[in-house]
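The structure appears below as structure tokens.
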Amino acid sequence: MNQEAIIELFCRVLECDRCSHSIVLRDSFENIPQPGYIGRNYEKYRILLIGQNPGVCPPSMKNKDFVYMEALKNLWINKDKSSYDKLYQILLQFVPEWPVQKNYFPLHECGLGLEDIGYCNIVRCRTSDNKTPSIGTTQNCINEHLIKFIDGIVPKVIVFIGKWAYIQLNTKLKELPIKLTYMNRDRSLSSDKRDLNRNEVIKTVLSSIRNDLST
């Protein structure tokens, strides 16, 4: 996928104003819709992570979040390669600190680096008190952005970060030639079941990578 097409997908998200639900945070300052991230080596493996929606920024990350939001606004305004490149470099430093990256997806266990994968959320906006997005907001984002995003970057494997994200999309995607799996974030899981789930995700991802290497 060329960079111009990625910029178009990202700006489509940045310009979105479809939702007016009270729990959606969108103020053009600290809470801009977040398009996601596509690593420069993504097309080699086509592994896409999909989470629920961006979390409210904790106080410890406010300074970095401000830089990130400014880069998003800059791309929104200018829509050019230079603005995208600046955003990309910021994401390379910032994404590894996001909980989804630090705590859930076994990136290194799959033999992958950050630039080998893509990431986005089902809902692209933060929500008040990190509440679960409403059905209407979720469907708006899926129909307006996520399906187009998936069609555009053509993943071979989608790893959902959490069962909620998996439930929202698995029916819509089951007819497509995409392997689907999810990281179970249920806090009540025993350590054995958590390890089993993690190993199943690693197995699915590695199976896809090995198939690519053998063809």
Side-chain angles (χ1 to χ4, degrees), residues 1-18 25-58 60-108 110-126 141 144-159 161 205 208-209 212:
M1 188 177 191
N2 62 49
Q3 196 173 72
E4 289 77 14
I6 295 174
I7 291 171
E8 183 178 346
L9 280 174
F10 277 33
C11 288
R12 183 182 178 89
V13 173
L14 291 168
E15 293 169 350
C16 183
D17 61 357
R18 288 195 61 177
L25 298 177
R26 185 168 51 227
D27 53 25
S28 297
F29 294 99
E30 295 182 1
N31 298 295
I32 299 170
Q34 299 179 38
Y37 163 84
I38 301 175
R40 286 196 173 134
N41 299 328
Y42 167 80
E43 289 196 3
K44 184 177 181 180
Y45 303 114
R46 296 186 182 180
I47 309 295
L48 175 64
L49 277 60
I50 299 182
Q52 176 176 300
N53 68 301
V56 174
C57 183
S60 62
M61 297 174 68
K62 279 289 184 183
N63 290 339
K64 291 184 178 181
D65 191 63
F66 175 79
V67 173
Y68 169 47
M69 288 293 147
E70 287 296 303
L72 287 174
K73 282 189 280 187
N74 190 44
L75 178 61
W76 182 2
I77 293 167
N78 295 303
K79 300 178 176 61
D80 57 22
K81 182 179 183 299
S82 175
S83 299
Y84 175 79
D85 287 341
K86 288 178 182 177
L87 173 62
Y88 185 85
Q89 291 303 318
I90 288 168
L91 283 167
L92 284 182
Q93 302 301 316
F94 200 25
V95 172
E97 299 189 30
W98 294 354
V100 66
Q101 180 64 31
K102 290 175 66 175
N103 302 330
Y104 297 108
F105 182 65
L107 185 70
H108 299 299
C110 293
L112 299 170
L114 184 59
E115 295 196 87
D116 297 325
I117 64 170
Y119 177 78
C120 70
N121 287 294
I122 286 184
V123 172
R124 309 303 178 93
C125 290
R126 291 168 172 162
C141 235
E144 186 70 14
H145 301 298
L146 190 55
I147 297 301
K148 295 178 178 69
F149 195 83
I150 291 170
D151 287 344
I153 68 172
V154 196
K156 292 183 177 179
V157 178
I158 293 178
V159 180
I161 308 300
V205 172
S208 175
I209 292 173
D212 288 342

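As a basis for the values below, the full set of heavy atoms in this structure was taken, side chains included, without hydrogen atoms, waters or symmetry mates. Nothing here was measured: the structure is a model prediction, and the numbers come from that model.
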Can you name the nearest heavy-atom pair linking [X] to [Y], along with the distance?
| X | Y | result |
| --- | --- | --- |
| Q52 | N121 | N-OD1, 3.5 Å |
| I90 | A71 | CD1-CB, 3.5 Å |
| P54 | C125 | CD-O, 3.5 Å |

Steps toward side-chain contact (heavy atoms from CB on, under 4.5 Å) verdict (N53, I122)
CA-CA 6 Å; N53 68 301; I122 286 184; over 6 Å; no
Using a 4.5 Å cut-off on heavy atoms from C-beta on, say whether the side chain of [Y] contacts that of [X].
| X | Y | answer |
| --- | --- | --- |
| F94 | M61 | yes |
| Y45 | K156 | no |
| L48 | I117 | no |
| Y88 | R40 | yes |
| P155 | Y42 | yes |
| L146 | C120 | yes |
| E115 | L92 | yes |
| L14 | L72 | yes |

For I50, which of I150, I161, V159 qualifies under side chain to side chain contact (heavy atoms under 4.5 Å, CB included)?
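When I150, I161, V159 are each tested with I50, the side chain to side chain contact (heavy atoms under 4.5 Å, CB included) holds only for I150.
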Donor-acceptor contacts under 3.5 Å from residues 29-39 side chains, at least two apart:
from, atom 1, to, atom 2, distance (Å)
E30, OE1, K62, NZ, 3.2
N31, OD1, R126, NH1, 3.4
N31, ND2, D27, OD2, 3.1
Q34, OE1, Y68, OH, 3.0
Y37, OH, L114, O, 3.0

Where the side chain of K79 meets the backbone of W76, is there a donor-acceptor pair that is under 3.5 Å apart?
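At least one qualifying donor-acceptor pair exists.
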Would you confirm whether N2, through its side chain, and A5, through its main-chain N or O, come within 3.5 Å as a donor-acceptor pair?
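A pair under 3.5 Å: yes.
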Tell me whether the NZ or CZ atom of R124 lies within the 45° cone about the ring axis of F149 and under 6.0 Å from its centre.
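Here R124 passes the 6.0 Å and 45° test against F149.
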Separation of I209 CD1 from K44 NZ (nearest 0.5 Å)
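If I round to the nearest 0.5 Å, the distance is 9.0 Å.
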Enter the distance from S83:OG to L75:CG here, rounded to the nearest 0.5 Å.
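S83 atom OG to L75 atom CG measures 6.0 Å (nearest 0.5 Å).
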For S82 and D85, which I'm curious about, is there any donor-acceptor pair between the side chains at under 3.5 Å?
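Side-chain D/A pair, S82 to D85: absent.
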Under the side-chain hydrogen bond (donor to acceptor under 3.5 Å, both in side chains) rule, collect the residues that match up with K64, sequence neighbours excluded.
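Scan of K64 (side-chain hydrogen bond (donor to acceptor under 3.5 Å, both in side chains), adjacent residues dropped) gives E97.
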Please step through salt bridge (Lys or Arg N to Asp or Glu O under 4.0 Å) for the pair E4 and K81, ending with a clear verdict.
CA-CA 8 Å; E4 289 77 14; K81 182 179 183 299; over 6 Å; no
Are any of the side-chain nitrogens in E8 or K148 under 4.0 Å away from the carboxylate oxygens of its partner?
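Looking at E8 and K148, the cut-off is not met.
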For atom NZ of K86, is the number of surrounding heavy atoms from other residues, nucleotides or ligands below 6.0 Å larger than 12?
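It does not: K86 NZ has 12 such atoms or fewer within range.
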Derivation and outcome, side-chain contact (heavy atoms from CB on, under 4.5 Å), residues D116 and L107:
CA-CA 9 Å; D116 297 325; L107 185 70; over 6 Å; no
